[in-house]
Structures are given as structure tokens and as C-alpha cells.
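Here's the structure we're looking at; comments come further down.
Worth knowing before you read on, the calculation uses all heavy atoms, side chains too, and leaves out hydrogens, waters and symmetry mates. Computed from a predicted structure; not experimentally measured.
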Amino acid sequence: MTHQGTYDFDTPVDRRGTASVQWDGAADRFGVDGLLPFTISDMDFASPPEVLDALRERLAHGVFGYTDWRLGEFREAICGWYAGRHDTVLDPERIVYGPSVLNQLSQLLRMWTEPGDGVVVHTPTYDGFRKAVTGLGRQLRRVAVGDAAGLEQELARSDAKVLILCSPHNPTGRVWTEDELKGFSLLAETHGVAVISDEIHADFVHDGHRHLPWTRFADDRGRWAVVTSASKAFNFPALTGSYGIIGDPEERAAFIRRMETGEGLASPAVLSLTAHIAAYRDGAAWLDAARAYAAGNLAMLEERLRSAFPVLGWEPPQAGYLAWIDLRALGVDDEALQRELVERERVAIMPGAVYGAEGFVRLNLGCPRAKAEAGADALVRALTRLV
């Protein structure tokens with residue numbers, strides 16, 4: 001069932017009291033209750049009505065026994081989405097299932113690295129990568145986004161085993177170009193480094209830019225994987241569930257074996273399968289509307305920042321609904337800014353230090369316009385008092 005033209009992103013949905021990390025968990029990070037949050041990267045919008053309809057239908061069936069992601073329409077829906085959305089043909093046999101993108105990442109790191117090995121990431125770095133790599137006892141090797149020479153230097157190190165791509169990049173919202181991706185592929189092949197491409201933000205690329213899946217640049221039998229999920233774009237991360245694409249048959253079989261035996265994850269979350277299938281088959285119109293709405297929020301922020309602080313020259317990201325803002329030109333102290341935001345403005349905005357970049361903030365604008373305006377205005381007021 002489709003609902004094209006009836007999507008409402010303006011009406012707030014009360015998320016307090018739902019064990020929401022963004023809303024109910026803000027006090028854990030910021031030490032204060034009742035803040036208006038712009039933090040973790042989920043949206044304040046209800047999932048697409050097409051997805052909700054499918055979930056209701058599946059719930060009405062009433063039986064939730066053990067399932068197998070290979071038996072139903074899961075892989076077919078993924079292949080259809082890639083063909084229509086990304087002009088990319090996938091072999092359904094290359095698709096694997098995992099409970100989350102980060103879980104897949106951790107399993108692949110266990111397969112392809114040993115404790116002490118180097119894992120290369122771009123900075124600023126999504127904090128989930130940092131936690132996964134260091135938590136497994138691997139060495140996190142940081143390279144600034146755009147530093148081609150630095151990337152080659154790190155990948156050439158004898159103990160560098162994996163390059164983790166975030167494509168599009170979180171937190172900057174950068175969409176890698178075809179030339180950049182070809183360069184990454186050549187460097188990985190030259191230095192014998194495996195590539196894990198996290199593409200969970202791929203479906204939220206804004207007009208004028210294009211996401212190119214890593215499958216276009218990978219050898220059939222090389223050590224590489226794409227890890228992703230529909231949950232980010234269609235806003236159902238709490239249903240769990242993700243999928244990966246692994247080209248080499250032996251590596252793919254080893255991954256599935258590890259998941260089903262070592263991790264005991266033979267049966268997937270059936271509602272996640274249902275949501276993925278519905279999103280990829282019937283959710284395109286909702287997603288386009290949500291992207292356009294988020295782009296409007298980002299344009300609003302751009303107007304406010306350019307008016308108040310033209311020296312920043314801030315531009316909206318190429319993908320996503322996360323505004324990554326470089327404040328270094330203002331010379332504002334990070335701790336002082338957080339005090340102003342939390343204590344006076346009563347908002348929670350992520351400091352750049354979380355991602356290894358002091359002097360920045362990350363503002364989540366995947367929310368109704370009124371909330372987005374409140375966050376933008378709070379940030380401008382706090383900065384104005386400090387400049």
C-alpha cells in the first residue's frame with residue numbers, strides 16, 4: 001500500500017518515555033534532564049506508513065517462529081532497490097545478514113585482522129568505528145578526509161590490514177567521488193588491505209550528488225565487504241537488522257558460518273526483514289519526501305549561520321541530515337560552548353570531540369522544522385554570547 005503525497009513531517013511525535021537514546025538518554029551524556037536533543041543519528045519522524053502497514057500485517061499473522069533470511073523476499077528486495085536506486089546489479093548470492101552494521105564490522109575485523117593490527121579510518125571518525133576497533137585490540141590509524149598522501153602512507157604500513165570507509169562519510173556528510181573511490185580501490189589492492197565500506201547513509205544523498213556502491217570498485221574475489229541497512233534512511237534502527245555484500249565465496253561462507261555458529265545468529269529478526277522488504281519495495285516516495293524535508297532544515301540552518309557568522313562559510317552536507325559545523329574561525333572554547341548550550345539554552349548538541357575533532361559540533365536536523373529552528377536558534381544565541 002502506498003501513501004504518496006500524504007507524508008507529514010511537521011507534526012511532532014512524542015518520543016519521551018520510549019527508552020529513546022536521543023530523548024531519554026540525553027542526561028547520561030550531558031548530565032542534565034529535559035534537554036531538547038539533536039544528538040544520535042536517528043530521526044524524529046515515524047517510519048514510513050508503507051513500512052508500518054507491512055509490520056501490522058506481519059503482526060496480525062501472529063506466529064513468530066524461527067526464520068531464515070534466505071528463504072523469503074529479503075534478498076530480492078535488496079537487489080531491486082540497488083538496481084532502481086543505484087543503477088547497480090547485485091548477485092543475491094553475495095548478500096549476507098547481520099543484526100547490525102557494527103556487529104558485521106566487528107565480525108569482519110575478527111576475520112581479517114589480529115590484535116595489534118592497524119585499521120585505517122578517515123577523520124573525523126564515527127565513534128562507533130573507534131569503539132569497535134579499539135575494543136577488539138586493533139590499532140586505529142587516522143587519516144584526514146581528503147589527505148590522499150596520508151592515506152597511502154598509512155595503508156603502506158606492513159601491519160595495516162583493513163581500510164574502513166564510511167560512504168557517504170559520517171559525520172561530514174561527504175559523498176566520495178568516483179575518482180576517490182577508484183583511488184581507494186587501487187591503494188587497497190596495491191598494499192593488500194581489505195576494505196569494509198559502511199554505506200548506511202547511502203540512501204540519503206542530496207540532489208546534485210550520487211552514491212556509488214563499493215561493489216562497483218571491488219574485485220570479485222578480493223577481501224572486501226559492504227555493510228549497510230535500510231534502517232537509517234527509513235528510520236527503524238530499533239528493529240535491528242542489517243545486511244552485507246561479500247564478493248569472495250570463501251570469505252562469504254566464513255562470515256555466514258561465524259554468524260550462525262560462533263555467534264548463534266541463525267534466525268534473523270523477522271520484523272526487520274519485513275521492514276526492509278516494505279521499505280525497498282514501496283518506500284521510495286517517502287524517502288524522497290524525507291530527504292527534501294531534511295534538505296529544507298539544512299537550508300534553514302545555512303541561512304541562519306550565514307546571517308550571524310558569515311566567516312564560517314558553512315554549507316549543508318552532501319548527504320544525510322547531520323550538520324557538521326566547523327566553528328574554529330570563531331575561536332570559541334568547546335567546553336564554554338557546551339555550558340551555554342546545556343545550561344542556558346537547554347539543548348543537547350554533539351561536540352566534535354566525540355568524533356576526534358575539537359572546534360566542531362554535529363547537529364541532528366532529522367526532525368520537524370519547528371524543532372530544527374529551535375536548535376539552530378539556540379546554537380546561534382550561544383555562539384553570539386561567546387564571540
Side-chain angles (χ1 to χ4, degrees), residues 21-22 40-43 45-48 50-52 54-55 58 67 69-70 72-86 88 90 92 94-109 126-129 131-132 164-171 173 196-205 211 213-215 224-246 252 255-256 259 263 265 267-284 286-287 290-291 294 319-322 364 366:
V21 172
Q22 182 168 187
I40 194 169
S41 59
D42 65 10
M43 295 183 281
F45 310 136
S47 295
E50 294 84 359
V51 171
L52 297 178
L55 291 171
R58 184 65 183 85
T67 55
W69 52 271
R70 288 161 290 203
E73 301 171 328
F74 181 60
R75 292 185 294 178
E76 177 187 320
I78 293 169
C79 290
W81 182 259
Y82 271 73
R85 199 76 175 184
H86 300 298
T88 297
L90 293 184
R94 290 183 169 185
I95 296 172
V96 300
Y97 178 87
S100 72
V101 165
L102 284 177
N103 180 274
Q104 289 190 77
L105 174 72
S106 294
Q107 300 305 328
L108 291 164
L109 288 175
Y126 166 50
D127 56 322
F129 293 166
K131 293 173 183 176
I164 299 178
L165 282 180
C166 200
S167 180
H169 184 260
N170 175 19
I196 304 172
S197 183
D198 175 353
E199 302 187 6
I200 199 168
H201 295 273
D203 291 321
F204 229 91
V205 171
H211 170 72
W214 183 253
T215 57
W224 61 268
V226 171
V227 291
T228 188
S229 174
S231 64
K232 184 69 66 176
F234 295 94
N235 207 38
F236 51 80
L239 292 180
T240 72
S242 67
Y243 62 93
I245 305 163
I246 301 176
R252 186 167 62 251
F255 178 87
I256 294 174
M259 284 293 192
E263 298 299 314
L265 295 171
S267 183
V270 67
L271 294 183
S272 174
L273 301 185
T274 300
H276 273 82
I277 293 166
Y280 282 164
R281 287 189 171 173
D282 301 317
W286 182 93
L287 178 60
R291 282 193 308 108
Y321 47 83
L322 305 170
N364 179 349

Measure the spacing between [atom1] of [X] and [atom2] of [Y] and express it to the nearest 0.5 Å.
| X | Y | atom1 | atom2 | result |
| --- | --- | --- | --- | --- |
| Thr215 | Ile245 | OG1 | CD1 | 5.5 Å |
| Glu199 | Ile196 | CD | CD1 | 12.0 Å |
| Ser272 | Phe74 | OG | CZ | 6.0 Å |
| Tyr243 | Leu273 | OH | CG | 12.5 Å |
| Met259 | Gln107 | CE | CD | 4.5 Å |
| Leu105 | Asp198 | CG | CG | 7.5 Å |

Checklist entry - Which of parallel (below 30°), tilted (30 to 60°) and perpendicular (above 60°) describes Tyr280 and Trp81? => result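 Parallel, since the angle between the ring planes stays under 30°.
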
For [X] and [Y], work out which heavy atoms get closest and say how close.
| X | Y | answer |
| --- | --- | --- |
| Gly241 | Ser229 | O-OG, 3.1 Å |
| Val96 | Gln104 | CG2-OE1, 3.9 Å |
| Asp282 | Glu50 | O-CG, 3.5 Å |
| Pro213 | His86 | CG-CB, 4.0 Å |
| Phe236 | Val51 | CD2-CG1, 4.4 Å |
| Phe204 | Ala294 | CE2-CB, 3.8 Å |

Any side-chain heavy-atom pair from [X] and [Y] closer than 4.5 angstrom?
| X | Y | result |
| --- | --- | --- |
| Pro171 | Leu322 | no |
| Ile256 | Tyr97 | no |
| Leu287 | Pro48 | no |
| Ser231 | Leu239 | no |
| Cys79 | Ile95 | yes |

Quick check: does any side chain N or O of [X] sit under 3.5 Å from a backbone N or O of [Y], one acting as donor and the other as acceptor?
| X | Y | value |
| --- | --- | --- |
| Ser197 | Val226 | no |
| Thr88 | Tyr82 | no |
| Ser47 | Asn235 | yes |

Item to check | Among Ile164, Leu102, Ile200, side chain to side chain contact (heavy atoms under 4.5 Å, CB included) partner for Tyr126 | outcome: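 Checked Ile164, Leu102, Ile200 against Tyr126; only one passes side chain to side chain contact (heavy atoms under 4.5 Å, CB included): Leu102.
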
Item to check | Polar side chain donor-acceptor pair, His211 to Asp203, under 3.5 angstrom | outcome: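 No, Asp203 and His211 have no side-chain donor paired with an acceptor closer than 3.5 Å.
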
Next on the checklist: Show every salt bridge (Lys or Arg N to Asp or Glu O under 4.0 Å) that has at least one partner inside residues 75-85, sequence neighbours left out.
Outcome noted: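 Qualifying pairs, neighbours excluded: Arg75-Glu93, Glu76-Arg281, Arg85-Asp288.
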
Checklist entry - What do the steps show when you test Cys166 against Phe129 for side-chain contact (heavy atoms from CB on, under 4.5 Å), and what is the final call? => result CA-CA 9 Å; Cys166 200; Phe129 293 166; 3.8 Å; yes

Item to check | His276/Phe234 aromatic ring centres below 6.0 Å | outcome: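 Between His276 and Phe234, the centre distance exceeds or equals 6.0 Å.
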
Next on the checklist: Tell me every residue that passes ring pair (Phe, Tyr, Trp, His ring centres under 6.0 Å) with Phe45, counting only those two or more places apart in sequence or in another chain.
Outcome noted: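 So Phe45 forms a ring pair (Phe, Tyr, Trp, His ring centres under 6.0 Å) with Phe9, Tyr293.
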
